[in-house]
Protein chains: 2
Amino acid sequence: MARRRTERSGGGDRPRDRLPSAAWLLAQVGAHAAAKFAERLSALGLSPPHAGILWALSTSGGLSQQALAEHLDVLPSRLVALVDELEERGLVERRDNPDDRRTYALHLTSPGRTMLEAIGRIARTHQESISEGLDAGEREQLAALLLRIADQQGLRRGVHPGFRSLGRGRRRKER
Amino acid sequence: MARRRTERSGGGDRPRDRLPSAAWLLAQVGAHAAAKFAERLSALGLSPPHAGILWALSTSGGLSQQALAEHLDVLPSRLVALVDELEERGLVERRDNPDDRRTYALHLTSPGRTMLEAIGRIARTHQESISEGLDAGEREQLAALLLRIADQQGLRRGVHPGFRSLGRGRRRKER
DNA sequence: CATGAATCATTCATATTATGAACGATTCTT
DNA sequence: AAGAATCGTTCATAATATGAATGATTCATG
């Protein structure tokens, strides 16, 4: 355990310890995948949570912020700022809900749908980049294994915290 | 929460959209694995970066903070606080380096080694929990695929940012 | 059809972290 | 010996998570 002297040699021995466990690799590779996706996304001026919102609204338009927050596993107070930013850029609309004037009905705008397509292209590029080096069969194998774990661990589809992003200012909203 | 008709007739109540891609799953499952490991570690009052430091010093004692920071891909200014905390708890020692009085030679203490064993136990429990539901062959398969990706993406062994932790106060250090 | 409980979007306060500039001490270069 | 570079450290700034508090609105129920 005690290493020899000659500390300063540094490169003395390789850090090629025992081989990493699946769980460790999972966390490392997963963090890398998330970070790289966020980086690509930032070219559109979006963060992963932003993309998650647009994606969710593409199939479930008219959601309230509360429902969306739960769906994405984000705090409602945080969602306010995210929707603010998307609305400022004209990608999302807060329509009044005639059935319940406390809530909004969130909808994708036409530019929002266009943006979603750009996100899709980025996601495909990202996917390709990550699984570069794996053939089709191996990719399927990997996805299947991960899906088993996800199901077994009871994972939601929300954008799991643990991502990087950008983020800017706020906005006001009077009732 | 009337979900009105949306553009997508298929919306329904089932969020069973298209099947997720490998890259997406990787980020989700990876974030989950990291978060769960951090949670287990917190029982020891440690964060993943703490554990990473102890782990690194177990095989490379005598490192300087600068070298360790690069090895773990942590900012040196951040490492100061992390080492402070470990030193306060007597797990790590800052020995003077006779060859270069600007630097410290970081070493694991005896309690530090004991703590490392506890971390090892937690890591094994974690590993078991994550890959629960996969048989031995599948676990190996998964690890092999992830390792291929890690190598191909040029990943370091550092604790990738994107983890949760605890963290407390600071300390002083006069020259 | 009142009225208190609950819900929704929002604001606010607190805590943690990332990030990089700046600094004093020390070593290296020439 | 003088200036550049390195090391550990401090400091300031920005972003985020988190939960309490707030005002508007709806709901439950007598």
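Below, chain A is the first sequence line, B the second, and so on; all start at residue 1.
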[atom1]-[atom2] distance between [X] and [Y], expressed to the nearest 0.5 angstrom:
X	Y	atom1	atom2	answer
Ile119(A)	Leu54(A)	CD1	CG	4.5 Å
Leu116(A)	Leu57(A)	CG	CG	9.5 Å
Asn97(A)	Arg95(A)	CG	CZ	11.5 Å
Ile149(B)	Gln152(B)	CD1	CD	8.5 Å
Ser131(A)	Leu26(B)	OG	CG	9.5 Å
Glu117(A)	Arg121(A)	CD	CZ	6.5 Å

With the criterion being N/O to N/O and under 3.5 Å, what pairs connect the protein with nucleotides 20-22 of chain C, and how long is each?
from: dG20(C); atom 1: O6; to: Ser77(B); atom 2: OG; distance (Å): 3.3

Whole Å only: how far is the [atom1] atom of [X] from the [atom2] atom of [N]?
X	N	atom1	atom2	answer
Asn97(A)	dT7(C)	CG	P	17 Å
Asp99(A)	dT26(D)	CG	P	10 Å
Arg101(A)	dC27(D)	CZ	C1'	15 Å
Leu63(A)	dC8(C)	CG	P	12 Å
Leu82(A)	dT10(C)	CG	P	12 Å
Asp100(A)	dT7(C)	CG	P	12 Å
Gln65(B)	dA25(C)	CD	P	18 Å
Leu72(A)	dA17(D)	CG	C1'	16 Å

By side chain to side chain contact (heavy atoms under 4.5 Å, CB included), which residues pair with Gln141(A), not counting sequence neighbours? Gln141(B), Leu145(B)
Out of dT26(C), dT9(D), dA9(C), whichever nucleotide has its closest atom nearest the side chain of Val80(B):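 Looking only at side-chain atoms, Val80(B) lies closest to dT9(D).
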Determine whether the side chains of Arg139(B) and Gln127(B) contain a donor N or O and an acceptor N or O closer than 3.5 Å. no
Please tell me whether His126(A) and Ser129(A) have a donor and an acceptor in their side chains that are separated by less than 3.5 angstrom. no
Heteroatom pairs (N/O) under 3.5 angstrom, protein to nucleotides 2-6 of chain D:
from: dT6(D); atom 1: O4'; to: Arg102(B); atom 2: NH1; distance (Å): 3.3
from: dT6(D); atom 1: O2; to: Arg102(B); atom 2: NH1; distance (Å): 2.9

